[in-house]
There are 2 protein chains.
Amino acid sequence: MGLTKTNKFTKEQNELARLAKALGHPARIAIIEHLTKAQSCICGDIVKELPLSQSTVSQHLKELKSVGLIKGTIEGPSVCYCINNEVWLVAKVQFEGLFASLKSAENCC
Amino acid sequence: MGLTKTNKFTKEQNELARLAKALGHPARIAIIEHLTKAQSCICGDIVKELPLSQSTVSQHLKELKSVGLIKGTIEGPSVCYCINNEVWLVAKVQFEGLFASLKSAENCC
DNA sequence: CTAATCTATCGTAATAATACGATTGTAAAA
DNA sequence: TTTTACAATCGTATTATTACGATAGATTAG
C-alpha cells in the first residue's frame, strides 16, 4: 500500500504531521537554521553551504515551500528564500501545543 | 540513491530531523496526543482508537519507541505504552530552540 | 542577439515508508 | 495442559523519498 490514510485522521493531526515531516530531514533542518539565523537567503548560498547537489537542494527547498514554511521570491537572476512568518508561527503554536499537553505528572510505566 | 547523507550533517541536525520524522505521520501524532492526554496507555486501546490494523499500529509504536519518544513495559498479557519524559523534554527543548531562533524582524522578501 | 549564470525540472536508480494479512511468541485463564 | 488474548514480527505490495546528472527556463551581462 504505502499510502498514508490521511482521510482517517483529523485536519489538525494531518497538518502537524505534514509540518513535522517537512522538518524530518537534516538538510531541511540545516536550511531552516540557515534562514532563521542568517540575513542572506539566496538560493545559491544555501546550495554552497549544503553537502548536496544543486538539484537535490532545490528539491528540499520545494518541499519546505510546499508546506509553506518558506517562501521564495525572484531577485534578479537568483531566488531569495526566507521563512514564511505566518506559517512559521502556526507551526510554532502547534508544536508548542503538542509539547505542552503532556501532564508532567508521574507516568504510568 | 534514496539514502539520507546523515554523515554530512551535524549530530544536532540529525537528531532533530529524526525526532521530526517520527512525528511526521498523523497516526503517530494521534498516538502521542493520546498518550499525553489520557491516563490509559494499553496498546490494545491505542489500536482500537486508530483507524489502522493492529500490525500497522504496532509498526508506528515501534518507530516512536526507536527514537525514544515513548516506552513500553509489559503489563501482564498486554503492553503499557507511555511518553518517555527524558527524551520528550529533549525534543521539546530542541524544537523550541528551532522556533526561537527566528529573528522576528522584517524578512528580506 | 549571444553568452553566461542561476535555479527548476526531468529522468532515473536506490532505498525507505505505509499498510495489511498471516504467523509467531507470551502470558494469563480455564 | 490447553485454550484464549494480546502484541510483535514476517512477508509482501504499493507508494514515497532521496539523490544525482542532464536538461530546460529565465534573467542579466556583454
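Just the heavy atoms: all of them, side chains too, but no hydrogens, waters or symmetry mates, feed the values below. Here the structure is a predicted model, which means the values were calculated and not measured. The sequence lines fix the lettering, A, B, ..., with proteins before strands; numbering per chain opens at 1.
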>> Among C/dG21, C/dA19, D/dA19, which nucleotide has an atom closest to any side-chain atom of A/Leu52?
In response: D/dA19
> Between the side chain of A/Asn14 and the main-chain N/O of A/Thr6, is any donor-acceptor distance below 3.5 Å?
Replying inline: yes
> Would you say the side-chain atoms of A/Glu15 and A/Gln94 include a donor-acceptor pair closer than 3.5 Å?
Replying inline: no
> What is the distance, rounded to the nearest whole Å, between atom CD of A/Glu75 and atom P of C/dT5?
Replying inline: 20 Å
>> Within the 4.0 Å heavy-atom criterion, would you say A/Lys48 contacts the bases, only the backbone, or no part of the nucleic acid?
In response: nothing
> What's the closest nucleotide to the B/Lys5 side chain, out of D/dA19, D/dC6, D/dT9?
Replying inline: D/dA19
>> The side chain of A/Ser58 is closest to which nucleotide in this list: D/dA19, C/dA8, C/dA19?
In response: C/dA8
>> Would you compute the distance between atom CZ of B/Arg28 and atom CZ of A/Phe9 and round it to the nearest 0.5 angstrom?
In response: 10.0 Å
>> For C/dA17, does the base pair up with any side-chain atom of B/Glu63 as donor and acceptor (N or O, under 3.5 Å, distance only)?
In response: no
> Starting at CD1 of B/Ile46 and ending at C1' of D/dC6, how long is that distance when rounded to a whole Å?
Replying inline: 13 Å
> To the nearest Å, how far apart are B/Leu64 CG and D/dA7 P?
Replying inline: 16 Å
> Can you tell me how far C1' of C/dA16 sits from CZ of B/Arg18, to the nearest Å?
Replying inline: 15 Å
>> Taking the minimum atom-to-atom distance to the side chain of B/Ser53, which one of C/dT7, C/dG21, C/dT18 wins?
In response: C/dG21
>> Let's test your reading of the model: under 3.5 Å, does the base of D/dA8 pair with the side chain of B/Gln54 as donor and acceptor?
In response: yes
>> Closest approach to the side chain of B/Gln59, judged atom by atom: which nucleotide of D/dC20, C/dC20, D/dA16 is it?
In response: C/dC20
> Over how many whole Å does the gap from B/His25 atom NE2 to C/dA16 atom P extend?
Replying inline: 18 Å
> Which part of the nucleic acid does B/Lys21 contact within heavy-atom distance under 4.0 Å: base, sugar-phosphate only, or nothing?
Replying inline: sugar-phosphate
> Quick one: CG on A/Leu23 to CD on B/Gln13, what's the gap to the nearest 0.5 Å?
Replying inline: 12.5 Å
> Do the side-chain N or O atoms of A/Tyr81 get closer than 4.0 angstrom to the phosphate oxygens (OP1, OP2) of C/dC6?
Replying inline: no
> Toward the 5' end of DNA chain D, which comes first, A/Thr56 or B/Gly44, by nearest nucleotide?
Replying inline: B/Gly44
> Starting at the 5' end of DNA chain D, which residue's closest nucleotide do you reach first, B/Val79 or A/Pro77?
Replying inline: B/Val79
> What's the CD1-C1' distance between A/Ile31 and D/dT18, to the nearest Å?
Replying inline: 13 Å
> Do other residues, nucleotides or ligands put more than 12 heavy atoms under 6.0 Å from B/Leu89 CG?
Replying inline: yes
